[in-house]
2 protein chains.
Amino acid sequence: MKLDEKMGLLRTYIENQGLKFTNQRDCIARCFFRTRTHISLDELTVKVKKEIPGTGYATVYRTMKLLTDSGLALSRHFGDGQTRYENLPATGHHDHLICVKCSRIIEFQNEKIENLQNETAARFGFTVINHKLELYGYCPECS
Amino acid sequence: MKLDEKMGLLRTYIENQGLKFTNQRDCIARCFFRTRTHISLDELTVKVKKEIPGTGYATVYRTMKLLTDSGLALSRHFGDGQTRYENLPATGHHDHLICVKCSRIIEFQNEKIENLQNETAARFGFTVINHKLELYGYCPECS
DNA sequence: ATTGAAAATGAAAGTTATTATCATTTAAGG
DNA sequence: CCTTAAATGATAATAACTTTCATTTTCAAT
């Protein structure tokens, strides 16, 4: 999805909720949409402050809540005690390979795994709406 | 693995580390090994206090750290902001189906998924030592 | 059994990340 | 331009986890 498209969706979401589209929200969303990493609130706040210096952590926090509620961002926990936010995958869902030594994170997709997941869930009568698959181990450099 | 076997492993681990096997550790470990749920520190502390009333949260915390370090317990995060501890699966690894409405957790195993995971990781040169697969959705009662 | 050094304990304080509060400022429709 | 509800930023409150410290306990060596 293109940046403008995301910004449009955000604007719509905000208006539908009777909320207001502010400078800070615009800036925070753009900063976030630009990132390719799994960014934390602290890291994002630093970026945002470079563009709008006075911006408070609380505002970044609240805006990321908006973004996750609207489905434009995903929040995840990897193992350090921080919530990290990630952009929607370009195409379909993706999962993570995490190096336990150097903390490198690689993303991957595997449709076969997804299918098996749905099959398995169906056996228990579950309807899956989301999933999380993380493989922990050693990356090529660390093993 | 039988209870006695686990207690033996714990004892060995503790002795090898030059630590001491205390009443509290014995009680906390037994209480934990008895549970079938994903128990939190608070919940476990309640159980332990029924057997050794004075026991402090910090001791339970430290003992569960011992248990996870020694590999006799697994710690997990599901979505409420709590660390939960679970017993080693009886046979192989298992994963979780989590109902987003009623929070029910069902465990399952699927060897085919495991194999695909290893295959996928290998393509990136990763050596997998552990993984986490959680499927979020609606259980039969909630859907 | 007694003793002494090292470790464990429990209470309480300290951390850290997250969430809420509140006085002030701002967006956006009329 | 006004009004008013919402947003902001500073700060306080929470919640879960982790550490500290004075006291107690374990356990190996008497």
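Letters A, B, ... are given to chains in the order of the sequence lines, protein chains preceding strands, and every chain is numbered from 1. Side chains included, hydrogens not; waters and symmetry mates left out as well; all remaining heavy atoms used.
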If you look at every strand shown and take non-hydrogen atoms under 4.0 Å, does A/R62 touch a base, only sugar-phosphate, or nothing?
-> base
Does B/R11 CZ have over 12 foreign heavy atoms under 6.0 Å away?
-> no
Of all the choices, C/dA12, C/dA17, D/dG9, which nucleotide is nearest to the side chain of A/Y57 once you look at every atom?
-> C/dA17
Proximal nucleotide (of D/dA16, D/dA6, C/dT9) relative to the A/L19 side chain = D/dA6
Could you state the atom-to-atom distance from CG of A/L41 to C1' of D/dG9 in whole Å?
-> 15 Å
A/L44 CG to C/dT18 C1': how many Å, rounded?
-> 15 Å
Please check the phosphate of D/dT18 (OP1 and OP2 only) for any side-chain N or O of B/Y61 closer than 4.0 Å.
-> yes
Would you call the rings of A/H77 and B/H77 parallel, tilted or perpendicular, where under 30° means parallel and over 60° means perpendicular?
-> parallel
Contact under 4.0 Å: A/T55 side-chain N or O vs D/dT8 OP1/OP2 | no
Hey, does the side-chain of B/K20 have a donor or acceptor N/O within less than 3.5 Å of a partner on the base of C/dA7?
-> no
Between B/Q24 and B/Y85, name the one whose nearest nucleotide on DNA chain D is closer to the 5' end.
-> B/Y85
Which class fits the ring pair B/Y85 and B/F32: parallel under 30°, tilted 30 to 60°, perpendicular over 60°?
-> perpendicular
Please state how far atom CG in B/D26 lies from atom C1' in D/dT25, giving the value in whole angstrom units.
-> 15 Å
Considering just the side-chain nitrogens and oxygens of B/R25, establish if one lies under 4.0 Å of OP1 or OP2 belonging to C/dA7.
-> no
Specify whether A/H96 and A/H94 have parallel, tilted or perpendicular ring planes, treating 30° as the upper limit for parallel and 60° as the lower limit for perpendicular.
-> perpendicular
Any idea which of C/dA27, D/dT26, C/dA11 is nearest the A/T22 side chain?
-> C/dA27
What is the distance from CD of B/E51 to P of C/dT9, rounded to the nearest Å?
-> 15 Å
Looking at every strand, decide which applies to A/S40 at a 4.0 Å heavy-atom threshold: base, sugar-phosphate, or nothing.
-> nothing
Can you tell me how far P of C/dA17 sits from CE of A/M64, to the nearest Å?
-> 17 Å
Let me know the distance between CZ of A/R84 and C1' of C/dT18, rounded to the nearest Å.
-> 15 Å
Straight-line distance of A/K6 NZ to A/L3 CG, nearest 0.5 Å | 7.5 Å
Report which part of the nucleic acid B/F21 touches: base, sugar-phosphate, or nothing (heavy-atom distance under 4.0 Å, all strands).
-> sugar-phosphate
